[in-house]
2 protein chains.
Amino acid sequence: MRTRPAQVKIPPRIEGLIRVTRRLPMADRILAAADRLFYRKGIRAVGVDAVAAEAGISKRSLYDTFPSKEALVAAYLRQRIRPLPPSDAPPAQQVLALFDQLHARFAAGDFRGCPFVNAVTELAEDCKTARAIAADYKEQRRRHIAALLARAGAGEPEALSGHIALLLEGAIVSMLIRNDPAGALQARDAAAILMQAAGALPR
Amino acid sequence: MRTRPAQVKIPPRIEGLIRVTRRLPMADRILAAADRLFYRKGIRAVGVDAVAAEAGISKRSLYDTFPSKEALVAAYLRQRIRPLPPSDAPPAQQVLALFDQLHARFAAGDFRGCPFVNAVTELAEDCKTARAIAADYKEQRRRHIAALLARAGAGEPEALSGHIALLLEGAIVSMLIRNDPAGALQARDAAAILMQAAGALPR
DNA sequence: TGCATTCCACACAGATCGGTGTGGAAAAGC
DNA sequence: GCTTTTCCACACCGATCTGTGTGGAATGCA
């Protein structure tokens with residue numbers, strides 16, 4: 001996590017297309033390893049040596065692919081942003097299903113919280129990039145919820161989506177501390193009450 | 001954070017009362033310094049040298065007072081547990097006031113999340129102690145809220161207190177990521193709706 | 001004054017951290 | 001075949017980490 005003297009070493013041949021394609025699996029292997037370790041053990045707790053070992057490559061190759069650990073962490077976070085799969089269920093049910101999905105992830109056993117929040121917490125003072133990625137992701141998800149709520153006929157979908165998002169975050173933290181998947185269902189109950197009060201759910 | 005070979009070095013004189021009293025300010029100075037640094041920069045990011053320097057003492061004295069960094073971290077967390085001040089306001093207002101207090105802390109500018117949650121996140125795999133302390137604290141707070149809600153006439157104070165607690169956690173995370181104190185007020189709005197639906201607030 | 005206790009300054013151990021330099025083996029393209 | 005590119009094994013750098021050992025200065029108490 002030191003300063004970075006700008007390397008990356010441009011290949012002699014100008015056309016990098018083939019080269020990039022060739023290099024992709026390498027970057028993917030590293031990212032997959034980083035994802036496992038960073039998420040499970042924490043970013044600060046995992047050194048680059050451990051990532052390289054987990055990926056089955058040398059540290060040298062890691063540093064030929066990513067210029068620094070900081071860049072690797074940023075790539076790890078960006079790769080964690082995945083769009084929500086589309087669904088043709090009723091919008092209100094889709095919102096409630098978010099809590100059920102959370103519950104399933106809790107019950108899976110390897111839950112370690114939200115990777116974005118964890119990164120911001122761990123990196124503390126030097127987390128500008130992580131914070132930006134995290135804020136982007138959270139806002140994108142909230143908008144998605146707001147759109148669903150609007151279709152469901154909620155009175156103030158913007159405000160309600162914020163409330164729902166708060167409950168989702170709260171459920172994650174609750175699971176982290178209490179290690180009890182039931183928190184997701186409590187949050188679902190609260191969400192249902194709020195949605196009902198906002199007219200987004202038949203009473 | 002290595003293994004700890006059990007020192008503490010019993011003083012020759014058996015009567016430790018005077019000694020303990022004398023040593024208390026030392027432990028307090030260390031804890032105050034640790035609190036500042038651990039909370040602001042994170043536990044893993046702060047070395048014992050930094051704590052000693054912040055406390056204005058030598059590293060040797062720190063290790064004469066606390067046997068290891070792990071013990072210091074545990075003391076830091078335990079010291080963060082403070083009882084909520086009693087109030088003679090109406091119980092429902094006391095619950096809503098929790099969100100206002102959170103909002104005030106957000107606006108103060110030095111907010112860095114919940115120290116217990118942060119500790120569990122940072123320590124990841126070796127966080128048994130931290131998790132236990134955190135769970136204790138959260139449960140104690142939830143009980144306090146449940147008692148208030150029962151006095152306020154809520155239908156199911158236990159369930160509602162869980163919902164309120166989720167909103168408080170969510171507000172903290174939201175502030176951490178978005179850096180916008182308004183999240184506390186959003187959470188307050190949601191809490192008010194839930195309390196109204198549960199009959200704990202006049203409509 | 002003499003004695004006991006605190007405490008510090010300093011040096012050090014052993015480990016791990018992020019990051020680099022190098023020489024050569026393996027593999028791919030021609 | 002040869003050349004170019006990838007990749008690895010390995011050694012190394014300086015910094016920082018937790019934790020210890022030690023001798024002596026300051027301090028409090030009699």
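Note: hydrogens, waters and symmetry copies are ignored here, and every other heavy atom, side chains too, is used. So you know, we letter chains A, B, ... as the sequences are listed, proteins then strands, and number each from 1.
- Counting only heavy atoms from C-beta outward, the side chains of A/R80 and A/Y137 never approach each other to under 4.5 Å.
- Following rounding to the nearest Å, A/I57 (CD1) and D/dC10 (P) show an atom-to-atom distance of 16 Å.
- Atom CZ of A/R60 is separated from atom P of C/dG23 by 13 Å (rounded to the nearest Å).
- Of the candidates C/dG18, D/dG19, C/dA9, D/dG19 carries the atom nearest the B/K69 side chain, counting heavy atoms from C-beta on.
- When the C1' atom of D/dT6 is taken as reference, atom CE of A/M26 falls 8 Å away, rounded to whole Å.
- Counting to the nearest Å, the C1' atom of D/dC12 and the CG atom of A/D49 are 13 Å from each other.
- Between B/R44 and A/L62, the residue anchored nearer the 5' end of DNA chain D, judged by the nucleotide with its closest heavy atom, is A/L62.
- Looking at heavy atoms from C-beta onward, A/C114 lies in side-chain contact with A/K138 at the 4.5 angstrom threshold.
- The 5' end of DNA chain C is approached more closely, in terms of each residue's nearest nucleotide, by B/G56 than by the other of B/K59 and B/G56.
- Contacts of B/V51 with the nucleic acid, taken as non-hydrogen atoms under 4.0 Å apart, are absent.
- Residues of residues 30-42 of chain B that place a heavy atom closer than 4.0 Å to DNA chain C do not occur.
- Candidate nucleotides D/dG21, C/dG18, D/dA9 were compared by shortest atom distance to the side chain of A/S58, and D/dA9 ranks first.
- With a 4.5 Å cut-off on side-chain heavy atoms, B/L72 and B/F38 count as touching.
- Put simply, the residue from B/R112, B/K41, B/R40 that forms a salt bridge (charged side-chain N to carboxylate O under 4.0 Å, His left out) with A/E125 is B/K41.
- Atom OH of B/Y63 is separated from atom P of C/dA9 by 17 Å (rounded to the nearest Å).
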Test log, rule salt bridge (charged side-chain N to carboxylate O under 4.0 Å, His left out), inputs A/R142 and A/E169: CA-CA 11 Å; A/R142 194 201 56 79; A/E169 298 297 348; over 6 Å; no
